[in-house]
Enquirer: 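Let me begin by handing over the structure; questions about it come next.
The figures here come from the full heavy-atom set of this structure, side chains too, leaving out hydrogens, waters and symmetry mates. Residues: numbered from 1 along the sequence shown. Model, not experiment: these values are computed from the prediction.
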Amino acid sequence: MELKGSLEGHRDYVTALIVSGDYLLSASFDKTIRVWSLGTQQLLKTLEGHHTQVVLALAVDPVSMRCFSGDNLGHLCAWRLEEESEEAQTPLLASWQEHNDWRYTGVASLAVSGDGMLYSGSGDKTVKAWSSQTFEHLGTMEGHKSLVSTLVVDGELLYSGSWDGVIRVWWRNDLSPMAVLSTADPMMGGVRTLCLSNGMLFAGRDDGSIQVWLDEEYVTAVRAHQTVVSSLCVEGSFLYSGSWDQSIKIWRIEEIISNPLPALEEKCGPGVSALVSDGNNVYVALAEKAVKVYSIFSDCSASPSPAEPTEQEQSAVAG
């Protein structure tokens, strides 16, 4: 995993990243969304429409190539990434506010399905469903007791993670609850990020743990980082984790339960707020203005020796 460069342009802390098609999108405290070419890593455009609000969440509809963003006052915006007609004058398609969050933590999470649905999680403790085409409000899912920090779509299911420490699973067809995933361990704190891979669900927690479920059954928790696990992503047979402890760690998915030691650890500077992969590079947002670009970690046959385990990494917590 080699540092290849950085994407410069934001004027403040980068909060979110997403890869879709030929684009990398980054959101920031500077109230903008920047669209980068994955091929050239050049800035293509800057989306401005949140005005006085910090942009906290991003999602992209891979079918329509529309981008959705949420801010700290509960506003949602829909954007064109590609021109839909010659008459289009502005990339901003719509802007609306529906979440009622008096703490101003706003829209903290977004997810899009391939069948025309948009989901938003907020500080008002709810998950709302929308049409990604007409932006019509289709329903509200209630049950969390704190901010809904992360959302993941998986076929007929929607997973939501919250600062209340609970993961809820919903049926997408009627927005009804399907399951509640909880270890009943308040010391782990909130759920910050979720990631799915072949039936395995990974959850990054406030205490630095990565929890693992298999087909909705709890398996274990790995003591992965010294503090908050802020971002997770899967690339090939590896799980990448980013943390406020200024590090990225790479885990072999097939070994994370039986041998929970990282294959590699990379110190990357100020706390990691987001990380994503496009199959060639890993893009890392830090508590600064730039997005760092790293090469993808090599496969097992070419991988270096595992990092020396710390005392924390030698222990796993079973639920």
Side-chain angles (χ1 to χ4, degrees), residues 4-97 106-114 116-120 130-135 151 231 233 272-294:
K4 299 172 67 175
S6 62
L7 306 180
E8 309 281 347
H10 281 295
R11 300 183 300 275
D12 208 334
Y13 174 37
V14 178
T15 57
L17 297 173
I18 191 167
V19 166
S20 186
D22 298 327
Y23 306 110
L24 169 73
L25 286 79
S26 57
S28 170
F29 266 64
D30 68 11
K31 309 172 184 64
T32 70
I33 301 150
R34 295 181 185 260
V35 183
W36 312 83
S37 165
L38 291 176
T40 66
Q41 298 186 1
Q42 297 298 307
L43 178 65
L44 299 176
K45 64 179 75 174
T46 300
L47 306 179
E48 298 180 277
H50 286 277
H51 304 304
T52 60
Q53 289 82 46
V54 172
V55 186
L56 298 175
L58 292 173
V60 174
D61 184 339
V63 178
S64 66
M65 290 307 294
R66 290 178 173 181
C67 168
F68 299 90
S69 55
D71 67 35
N72 67 309
L73 288 186
H75 297 97
L76 290 161
C77 289
W79 312 83
R80 298 180 185 89
L81 286 184
E82 298 173 343
E83 296 301 330
E84 299 176 5
S85 69
E86 294 181 358
E87 293 78 22
Q89 299 296 316
T90 172
L92 182 62
L93 287 165
S95 179
W96 68 99
Q97 183 176 18
V107 177
S109 54
L110 293 170
V112 175
S113 68
M117 297 288 288
L118 167 70
Y119 303 95
S120 57
W130 315 84
S131 165
S132 63
Q133 301 302 310
T134 66
F135 318 126
L151 296 168
S231 190
C233 79
V272 176
S273 57
L275 60 85
V276 294
S277 168
D278 67 355
N280 297 306
N281 299 307
V282 176
Y283 300 88
V284 182
L286 305 173
E288 57 181 23
K289 303 173 186 178
V291 177
K292 289 190 175 182
V293 184
Y294 290 88

Enquirer: For Arg66 and Ser132, what are the C-alpha separation, side-chain angles and deciding distance, and is it a side-chain contact (heavy atoms from CB on, under 4.5 Å)?
Expert: CA-CA 8 Å; Arg66 290 178 173 181; Ser132 63; over 6 Å; no

Enquirer: Who passes side chain to side chain contact (heavy atoms under 4.5 Å, CB included) against Ile18, sequence neighbours left out?
Expert: Leu25, Leu58, Val60

Enquirer: Could you pull out all residues at least two apart from Ala57 that satisfy side chain to side chain contact (heavy atoms under 4.5 Å, CB included)?
Expert: Leu110

Enquirer: For Leu7 and Leu43, what are the C-alpha separation, side-chain angles and deciding distance, and is it a side-chain contact (heavy atoms from CB on, under 4.5 Å)?
Expert: CA-CA 8 Å; Leu7 306 180; Leu43 178 65; over 6 Å; no

Enquirer: Check side chain to side chain contact (heavy atoms under 4.5 Å, CB included) between Gln42 and all other residues, then give those that pass, not counting sequence neighbours.
Expert: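 Scan of Gln42 (side chain to side chain contact (heavy atoms under 4.5 Å, CB included), adjacent residues dropped) gives Thr40.
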
Enquirer: How close do Val291 and Ser26 get, counting heavy atoms only, and between which atoms?
Expert: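 Minimum heavy-atom separation between Val291 and Ser26: CG2-CB, 4.4 Å.
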
Enquirer: Holding to side chain to side chain contact (heavy atoms under 4.5 Å, CB included), I want the full list of residues that pass it with Leu38, two or more places apart in sequence or in another chain.
Expert: Val19, Leu24, Asp278, Tyr283

Enquirer: Does any N or O in the side chain of Gln97 come within less than 3.5 Å of the main-chain N or O of Leu73, such that one atom is a donor and the other an acceptor?
Expert: yes

Enquirer: Partners of Tyr23 by ring-ring contact (aromatic ring centres under 6.0 Å, His included), sequence neighbours excluded?
Expert: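 For Tyr23, no residue satisfies ring-ring contact (aromatic ring centres under 6.0 Å, His included) once neighbours in sequence are set aside.
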
Enquirer: Looking only at non-hydrogen atoms, find the nearest pair between Val107 and Ser120 and report the distance.
Expert: CG1-CB, 4.2 Å

Enquirer: Which heavy-atom pair separates Ser113 from Asp61 by the least distance, and what is that distance?
Expert: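 Nearest pair, atom of Ser113 first, then Asp61: O-OD1, 4.3 Å.
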
Enquirer: Donor-acceptor pair, Ser20 side chain versus Pro62 backbone, under 3.5 Å?
Expert: no

Enquirer: Any heavy-atom pair between the side chains of Thr15 and Phe29 that's under 4.5 Å?
Expert: yes

Enquirer: The criterion is ring-ring contact (aromatic ring centres under 6.0 Å, His included); which residues satisfy it with Phe135, sequence neighbours excluded?
Expert: Trp96

Enquirer: Where is the tightest heavy-atom contact between Leu92 and Cys77, given as atom of each residue plus distance?
Expert: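 Taking every non-hydrogen atom into account, CD1-CB, 4.0 Å.
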
Enquirer: Starting at OH of Tyr119, measure out to CG of Leu151 and round the result to the nearest 0.5 Å.
Expert: 10.0 Å

Enquirer: Could you pull out all residues at least two apart from Ser69 that satisfy side chain to side chain donor-acceptor pair (under 3.5 Å)?
Expert: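 Side chain to side chain donor-acceptor pair (under 3.5 Å) list for Ser69, sorted by chain: His50, Trp79.
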
Enquirer: With sequence neighbours excluded, tell me which residues meet side chain to side chain donor-acceptor pair (under 3.5 Å) with Ser95.
Expert: none

Enquirer: Among all residues two or more places apart in sequence or in another chain, which pass the side chain to side chain donor-acceptor pair (under 3.5 Å) test with Asp30?
Expert: His10, Ser28, Thr32

Enquirer: Give, for atom CD of Glu8 and atom CZ of Arg34, the distance between the pair rounded to the nearest 0.5 Å.
Expert: 11.0 Å

Enquirer: Does the side chain of Thr46 pick up a donor-acceptor pair with the side chain of Glu48 at under 3.5 Å?
Expert: no

Enquirer: Report the C-alpha distance between Val272 and Leu286 in whole Å, list the side-chain angles of each, state the deciding distance to 0.1 Å, and finish with yes or no for side-chain contact (heavy atoms from CB on, under 4.5 Å).
Expert: CA-CA 4 Å; Val272 176; Leu286 305 173; 3.8 Å; yes

Enquirer: So, taking the atom named CD1 in Ile33 and the one named SG in Cys67, what distance separates them when rounded to the nearest 0.5 Å?
Expert: 5.0 Å

Enquirer: Could you walk me through whether Cys233 and Val276 satisfy the side-chain contact (heavy atoms from CB on, under 4.5 Å) test, starting with their C-alpha distance in whole Å, then the side-chain angles of each, then the deciding distance to 0.1 Å, before giving a yes or no?
Expert: CA-CA 6 Å; Cys233 79; Val276 294; 5.6 Å; no

Enquirer: Tell me, please, which residues at least two apart from Ser273 pass side chain to side chain donor-acceptor pair (under 3.5 Å).
Expert: none

Enquirer: Atom NZ of residue position Lys289 - does it have more than 12 heavy atoms of other residues, nucleotides or ligands inside 6.0 Å?
Expert: no

Enquirer: Is there a side-chain contact between Gln41 and Asn281 (heavy atoms, below 4.5 Å)?
Expert: yes

Enquirer: Where is the tightest heavy-atom contact between Leu76 and Gly70, given as atom of each residue plus distance?
Expert: CD2-CA, 4.2 Å

